Structures are given as C-alpha cells and as structure tokens.
S.K.: 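Mind having a look at this structure? Questions to follow.
Both counts, for ligands and for their atoms, begin at 1 and track the order of listing. Please read all numbers here as calculations on a predicted model, not as lab measurements.
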Amino acid sequence: MISFRRAFLATSLVSQVAAFATPTFTRAVSSSAISMADFDETRGGTYSIADQVARFDKAKADNNERFLDITTVYDGGDLSGKRVLVTGGNRGLGFEITKELVSLGATALVLCRSSSKELSRLIGKYNVYDGVDVTDTEAVNKAMKKVKSDGGDIDMIINNAGYFYEPCEKILDDSLNFEEELKQINICGLGPLRVNAAAVNSGALAESAKLVIITSQAGSCEWRSTQNKDEGGDYGHHMSRAACNMAGVLQAEELRSKGYSVILLHPGFNRTDMTAKYKEIWDKEGAVEPATGAKRVLYEAIKSNMETTGQFINCEDGKKIPW
Ligand SMILES: NC(=O)c1ccc[n+]([C@@H]2O[C@H](COP(=O)([O-])OP(=O)(O)OC[C@H]3O[C@@H](n4cnc5c(N)ncnc54)[C@H](OP(=O)(O)O)[C@@H]3O)[C@@H](O)[C@H]2O)c1
C-alpha cells in the first residue's frame, strides 16, 4: 500500500528520525555549504514534519495536545455574528465546517454545486447558493453578486471545494491523464482565485475580511522527495495544489493594501469520501473525523491575520509547511 498518494501518507520512518534531532541551523557552521545530513527540516521546530507517520508518532510520543485533541485549544474565537462563506459546504469537511459555524452563532453561507435537505435545514435555503461550480467564472461572479445583494458583507471565505482524481497517475505505466490534470488545476488551483477575486470585485467583503484557502500538503514541492520518494505520481492533484499555493501567496501580496489576509491551510488527514479508499491507513496516519478537522481548520482560520498573510500552515500542528 506504500504506493498510495503519499501526500496523505507514510514514508520511511528511518529517513525521518533524524528530523527530531537538535536543530542544526543553530550550530555555528564554518562554511556556507550545509550538507543534507545537517538539514533540519523543522527549521528549529517552526516547520511541520514531512513524514506523516513520523509526524503523528512524534505527536503521540510528546503527548502533544494541540495535535491530538484540538478541543484543548479551540474555542471558536469571535466568529459569533460573523458571515462566513464556505465553498463545497454540502458534504465532507466543508459540511462539518458549516455545522461548526452554525453552532458558534455565525451566519454560514454555502456556495456549492448541489444542495441537500440537510444543508437547507441547517443554514436555511436562502443561505445556500447552489448550481455553482468553482470552474465556472460566470456562475461564481453571479453568485457573489447575489451574496452581496442578499445581505451584509462577508467576514471570512473558506475555499474548501476540491477534487482528487481517483487513479494514481504515473509516466511509467502510461497512466497520465492530462484532461484530469487540467480539471484538478481548474478546481483546486483556479477555483479559490475565482471565488476570492469575485468577492473582492463585487464589493462583498467586510473590512479586514479573512480569505482562507484549504489546500494540501501535496502542494509542497520540498515534501515530494519524502512523500513521493522514488515513486512520483499523482501529477494532476499535486500540481493543482502547488498552483493553488502560488495563487494564494500572490493574492496575499496583492490584497495586503486592501487589508484582506490570505492563509493557506492543509486541513490534516480527514476521514471523508476523498480519502475513503485509504481507510486501512486512517488509524496509522492519524486521520480524524471531519468534525475534528473542521475545528482544526477554524482554529487556524480564526488566528490568521495580516501578520500571517501568505503563510502555508498544517492544521494538525499549527506549523508551517515548506513550499
Ligand atoms: N480529506 C483530507 O484528508 C484532505 C487532505 C488534504 C486536503 N483536503 C482538501 O480539503 C477539502 C475538502 O476535502 P474533503 O475531504 O471534504 O473532500 P470531499 O469529501 O471529496 O468533498 C469535496 C467537496 O468539494 C466540492 N467540489 C468538488 N468539485 C467542485 C467543483 N468543481 N465546484 C464546486 N464544488 C466542488 C464537492 O462538491 P460535490 O458534492 O458537488 O461534488 C464537495 O463538497 C478539499 O479541497 C480537499 O482537497 C482534504
């Protein structure tokens, strides 16, 4: 099972144990050349660990409450009374985020392709903007104008809609699927850019609005040599998240002058439809119920601000992920 989309998964523990050693960048180095053996991937503990199994095992060994039980730090912050728009809030992690927003007393607005009775009951049918595919610029722009004309400004947008093509794409078994690659780039890379741009240009955002983009650790180029070591694969999905991250940092730069912050969040490993095919490794890899994943995402989303704008954060441990 080790050929699984390693962005979600385990790699060799052996190569990662060294990552827990004392930060080597704090040592005096006589030469500017730092060998790989000296490289501390955690940069003195400020960055997360690439190997998912090692990361989870370390959290357990350290009894890291922030990692193992988000409720020890999460209190929902100041979202009560705020208007928060969630894309893909009809199922999976997005639905759990929406439920959590309602329980906090926020007004949740959902942008989705298709609604359900459960969703309408939860937030009221007027707060569901359905028939909106995030690859459809016109539909997104129209929906955002309607959100604006329907009510108050949006305090936070959580770009959650995403897609991961099922088969693992490889060059060597001739399974590349360029159509699917473009589809993933369109949904995961361009989708959040479309939504955020529509919100800015329709004047739907409140002052100091927070733009949250749920991305994936799969978008980290640095982590590919651990998570896809000697295998590569999953070209479309991982490229789509790297594109998403690039769009996020560019938005952070462009929108700083407007006072809108942008944060890129890896939501952790969640037990949803997207990962159901990896059920057998859920326990080993520390996959959580999406209700827990929702709190992890909201905890980091609430903390985000103009100081953190443009950062790429792992919601499991609150640490940075390298580009
Ligand atoms: N689960 C994890 O462990 C994990 C890890 C890393 C990152 N993520 C990211 O977290 C987010 C939520 O994941 P999940 O596990 O909840 O996935 P999921 O269960 O597969 O749900 C995906 C959501 O995205 C929506 N969506 C897909 N394509 C869309 C499109 N073209 N336009 C509008 N909406 C679209 C889906 O709507 P429909 O019902 O219309 O299909 C659904 O609401 C995704 O962005 C995913 O990439 C998840």
S.K.: Is ligand 1 under 4.0 Å from a heavy atom in the side chain of Gln217, in the backbone, in both, or in neither?
M.R.: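 Near ligand 1, Gln217 shows nothing, with every heavy atom at 4.0 Å or more.
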S.K.: Within 45° of the six-membered ring axis of Tyr278 and under 6.0 Å from that ring's centre, is NZ or CZ of Arg271 located there?
M.R.: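 The answer is no; the distance or angle limit is not met.
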S.K.: Who gets closest to atom 10 (O) of ligand 1 by heavy atom: Leu119, Ile213, Val288, Ile214?
M.R.: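 Checking each option, the heavy atom nearest atom 10 (O) of ligand 1 is found in Ile214.
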S.K.: Heavy-atom distances under 4.0 Å are what count here, so tell me which part of Lys183 touches ligand 1: side chain, backbone, both or neither.
M.R.: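 Lys183 to ligand 1: no contact under 4.0 Å from either part.
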S.K.: With a 4.0 Å cut-off on N to O distance, would you call Asp234 and Lys170 a salt bridge?
M.R.: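 Not counted as a salt bridge, because no side-chain N and carboxylate O are separated by less than 4.0 Å.
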S.K.: Which residue from Gly88, Ala161, Gly162 reaches closest to atom 27 (C) of ligand 1 through any of its heavy atoms?
M.R.: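 Residue with the shortest heavy-atom distance to the ligand atom: Gly162.
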S.K.: Using a strict cut-off of less than 4.0 Å between a Lys/Arg side-chain nitrogen and an Asp/Glu carboxylate oxygen, indicate whether Lys99 and Glu289 qualify as a salt bridge.
M.R.: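 Judged by the 4.0 Å cut-off on N to carboxylate O distance, Lys99 and Glu289 do not form a salt bridge.
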S.K.: Any idea which part of Pro267 is under 4.0 Å from ligand 1, heavy-atom wise: side chain, backbone, both or neither?
M.R.: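 The answer is the side chain of Pro267.
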S.K.: Which is closest to atom 17 (O) of ligand 1 in terms of heavy atoms, Arg113, His266, Met274?
M.R.: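 Among Arg113, His266, Met274, the closest heavy atom to atom 17 (O) of ligand 1 belongs to Met274.
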S.K.: Closest by any non-hydrogen atom to atom 12 (C) of ligand 1: pick that one out of Asn160, Leu111, Thr272, Thr87.
M.R.: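 Among Asn160, Leu111, Thr272, Thr87, the closest heavy atom to atom 12 (C) of ligand 1 comes from Asn160.
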S.K.: Let me see the working for Thr46 and Lys320 under side chain to side chain contact (heavy atoms under 4.5 Å, CB included), right down to the final yes or no.
M.R.: CA-CA 6 Å; Thr46 56; Lys320 288 185 197 172; 5.8 Å; no
S.K.: Polar-atom distance check: Tyr163 versus ligand 1, any N or O pair below 3.5 Å?
M.R.: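 Tyr163 vs ligand 1: no N/O contact under 3.5 Å.
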S.K.: So if I count the atoms of ligand 1 from 1 in the order they appear, which ones are less than 4.0 Å from some heavy atom of Thr275?
M.R.: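 The list of qualifying atoms is 1 (N), 2 (C), 3 (O).
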S.K.: Are Lys60 and Phe56 in a cation-pi setup, meaning NZ or CZ lies under 6.0 angstrom from the ring centre and within 45 degrees of the ring axis?
M.R.: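 Pair Lys60/Phe56 counts as cation-pi.
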S.K.: Taking heavy atoms and a distance under 4.0 Å, where does Asn270 meet ligand 1: side chain, backbone, both or neither?
M.R.: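 Both parts.
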